[in-house]
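Computed from a predicted model, the values in this text were never measured in an experiment. The sequence lines fix the lettering, A, B, ..., with proteins before strands; numbering per chain opens at 1. When reading the values below, keep in mind they use all heavy atoms of this one structure, side chains included, and skip hydrogens, waters and symmetry mates.
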Protein chains: 2
Amino acid sequence: MTLSIGLLAKAADVKVPTIRFYEEIGLLPEPQRAANDRRVYDVGAVRRLAFIRHARQLGFSVEAIRNLLDLSDNPERPCGEANALAARQLDDVEAKIAQLETLRGELRRMVAATCDGRAADCRVIEALAG
Amino acid sequence: MTLSIGLLAKAADVKVPTIRFYEEIGLLPEPQRAANDRRVYDVGAVRRLAFIRHARQLGFSVEAIRNLLDLSDNPERPCGEANALAARQLDDVEAKIAQLETLRGELRRMVAATCDGRAADCRVIEALAG
DNA sequence: CTTGATCCTCTAGTGGCTAGAGGATGCATG
DNA sequence: CATGCATCCTCTAGCCACTAGAGGATCAAG
């Protein structure tokens, strides 16, 4: 059972050009080509692409994903690196959340003080200026 | 009292090329030039740049900041737009926080299940693949 | 046989800067 | 007054992870 790029895209819920892009940067291997030069994928490609997509959704960079795929491709290697990557990613996410919560606080104060007059007296503008 | 671009950068805690960039995209007006062609700023530029910097830190896009600056420049205009922008920004931030909290949960599970064996049995890899 | 979807390659654009080349000027020290 | 280093100028290119579009070939359905 083989898939066209369009079917692969649907199967992994990724856009077609994104697949070509991942191939270009080496996250996906160059697939076989049919006689008409079209890319032909197998089920392994769906798994790999889903892996990438999931990792991207978790905020892993392409570089991190490259490492994770590398480990996934070499199951006999120790997985310390994968743990480290996940831990670092968790740190990043927690830092981002903390920062966004600060922003949320400030924005809430701005929004709560909503004014209906002229910009001259606008709390939002004021908050940004001050 | 006037400032060089370097002093303005220090005063507003922004890098020099960023100032030139903001000028290029029209967030900052073209400043006067000294005889030697160097940019010369006044105190108003510090306020404007600080406004921009603060808004960027809050996650406002350049387009949103353009609108906010426009309002700030025309204080007789109603400030409904500023309120709307702030509200939208707050929504965005809250959505981002919610998404990141989901990711955090997943990453925490991955990290908690840390394994010390081979990648073949790695929970992190497994979680990404599954 | 025609229509519309899908595929191909290639180039350029997005946002918000950042880095670097290559050169002119300014300021402090010897 | 010379030296050397900081700062300034313009311009181009790069970052990340895609996305959009041109221009053309091929395919499947009616």
Side-chain angles (χ1 to χ4, degrees), chain A residues 2-28 30-41 45 48-69 85 88-89 92-93 96 99 103, chain B residues 2-28 30-41 45 48-69 85 88-89 92-93 96 99 103:
Chain A
T2 61
L3 301 152
S4 69
I5 194 170
L7 289 178
L8 173 60
K10 259 176 207 138
D13 195 17
V14 160
K15 290 185 188 157
V16 168
T18 303
I19 295 175
R20 290 196 273 252
F21 171 72
Y22 286 160
E23 178 184 329
E24 193 183 308
I25 63 173
L27 284 192
L28 291 176
E30 294 188 16
Q32 309 247 171
R33 296 287 184 131
N36 51 18
D37 209 38
R38 298 188 174 193
R39 291 170 177 81
V40 175
Y41 296 95
R48 194 177 183 87
L49 187 49
F51 185 105
I52 296 170
R53 184 180 119 88
H54 192 184
R56 283 293 303 138
Q57 283 181 336
L58 286 170
F60 286 94
S61 72
V62 163
E63 266 321 288
I65 294 173
R66 215 185 286 279
N67 291 327
L68 291 167
L69 281 170
L85 282 168
R88 184 134 48 87
Q89 189 57 33
D92 283 3
V93 166
K96 241 176 233 160
Q99 200 206 342
L103 300 187
Chain B
T2 62
L3 300 152
S4 70
I5 195 171
L7 289 178
L8 173 60
K10 259 177 207 135
D13 196 16
V14 161
K15 291 185 186 154
V16 168
T18 303
I19 295 175
R20 291 195 273 250
F21 172 71
Y22 285 160
E23 177 184 328
E24 194 182 308
I25 64 173
L27 284 191
L28 290 175
E30 293 188 18
Q32 308 247 173
R33 296 287 184 133
N36 50 17
D37 209 36
R38 299 192 170 189
R39 291 169 176 81
V40 175
Y41 296 95
R48 193 176 184 90
L49 187 50
F51 184 105
I52 295 170
R53 185 179 119 89
H54 192 185
R56 284 293 303 138
Q57 284 182 335
L58 286 171
F60 286 95
S61 72
V62 163
E63 267 320 291
I65 294 173
R66 217 186 284 280
N67 290 327
L68 291 167
L69 281 169
L85 282 169
R88 183 135 50 86
Q89 188 57 31
D92 283 4
V93 166
K96 240 175 233 159
Q99 200 206 342
L103 301 186

At 4.0 Å (heavy atoms only), tell me whether I25(A) reaches a base, stays on the sugar-phosphate, or touches nothing.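 The residue I25(A) makes no contact with any strand.
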
Using a heavy-atom cut-off of 4.0 Å across all strands, would you classify R39(A) as base, sugar-phosphate, or nothing?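 Counting heavy atoms under 4.0 Å across all strands, the contact made by R39(A) is with sugar-phosphate only.
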
How long is the line joining [atom1] of [X] and [atom2] of [N], in whole Å?
{"X": "R33(A)", "N": "dC27(D)", "atom1": "CZ", "atom2": "P", "result": "14 Å"}
{"X": "L7(B)", "N": "dT7(D)", "atom1": "CG", "atom2": "P", "result": "9 Å"}
{"X": "F60(B)", "N": "dG16(C)", "atom1": "CZ", "atom2": "P", "result": "13 Å"}
{"X": "I5(B)", "N": "dT25(C)", "atom1": "CD1", "atom2": "C1'", "result": "15 Å"}
{"X": "D37(A)", "N": "dT6(C)", "atom1": "CG", "atom2": "C1'", "result": "14 Å"}
{"X": "L3(A)", "N": "dT6(C)", "atom1": "CG", "atom2": "P", "result": "15 Å"}
{"X": "I19(B)", "N": "dC9(D)", "atom1": "CD1", "atom2": "C1'", "result": "14 Å"}
{"X": "R38(B)", "N": "dC27(C)", "atom1": "CZ", "atom2": "P", "result": "8 Å"}

Considering only heavy atoms from C-beta outward, does the side chain of V14(A) approach that of I52(A) to under 4.5 Å?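 Result no, sub-4.5 Å side-chain heavy-atom pair not found.
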
Separation of D92(A) CG from L103(B) CG (nearest 0.5 Å):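 Spacing of CG (L103(B)) from CG (D92(A)) equals 11.5 Å.
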
Nearest-0.5 Å distance, CD of residue E30(B) to CD of residue E24(B):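 Separation between the atoms: 10.5 Å.
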
Has S4(B) got a side-chain N or O lying under 4.0 Å from the OP1 or OP2 atom of dT7(D)?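 Looking at the OP1 and OP2 atoms of dT7(D), neither is under 4.0 Å from any side-chain N or O of S4(B).
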
Do any side-chain nitrogens or oxygens of N36(A) fall under 4.0 Å of OP1 or OP2 in dC7(C)?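 So the side chain of N36(A) is outside the cut-off, no N or O lying under 4.0 Å from OP1 or OP2 of dC7(C).
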
Hey, is the main chain of L27(B) close enough, under 3.5 Å, to the side chain of R48(B) for a donor-acceptor pair?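 Looks like yes, one N/O pair under 3.5 Å.
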
Please tabulate the protein-to-nucleotide N/O contacts below 3.5 Å involving nucleotides 18-22 of chain D, giving atom names and distances.
| residue | atom | partner | partner atom | Å |
| --- | --- | --- | --- | --- |
| dC18(D) | OP2 | Y22(A) | OH | 2.7 |
| dC18(D) | OP2 | R56(A) | NE | 3.1 |
| dC18(D) | O5' | Y22(A) | OH | 3.3 |
| dT19(D) | OP2 | T18(A) | OG1 | 3.1 |

Compare every heavy atom of V16(B) with every heavy atom of A9(B), then report the nearest pair and how far apart it is.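 For A9(B) and V16(B), the tightest heavy-atom pair comes out as CB-CG2, 3.8 Å.
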
Check: residues 53-69 of chain A side-chain donor-acceptor pairs under 3.5 Å, at least two apart:
| residue | atom | partner | partner atom | Å |
| --- | --- | --- | --- | --- |
| R53(A) | NE | A12(A) | O | 3.4 |
| R53(A) | NH1 | D13(A) | O | 3.3 |
| H54(A) | ND1 | L128(B) | O | 3.4 |
| H54(A) | NE2 | E106(B) | OE2 | 2.5 |
| R56(A) | NH1 | F60(A) | O | 2.7 |
| S61(A) | OG | E63(A) | N | 3.4 |
| S61(A) | OG | A64(A) | N | 3.1 |
| E63(A) | OE2 | R66(A) | NE | 2.9 |
| E63(A) | OE2 | R66(A) | NH2 | 3.4 |
| R66(A) | NH1 | I25(A) | O | 2.7 |
| R66(A) | NH2 | I25(A) | O | 3.3 |

Pair K96(A)-K96(B), side chain to side chain contact (heavy atoms under 4.5 Å, CB included): steps then yes or no: CA-CA 10 Å; K96(A) 241 176 233 160; K96(B) 240 175 233 159; over 6 Å; no

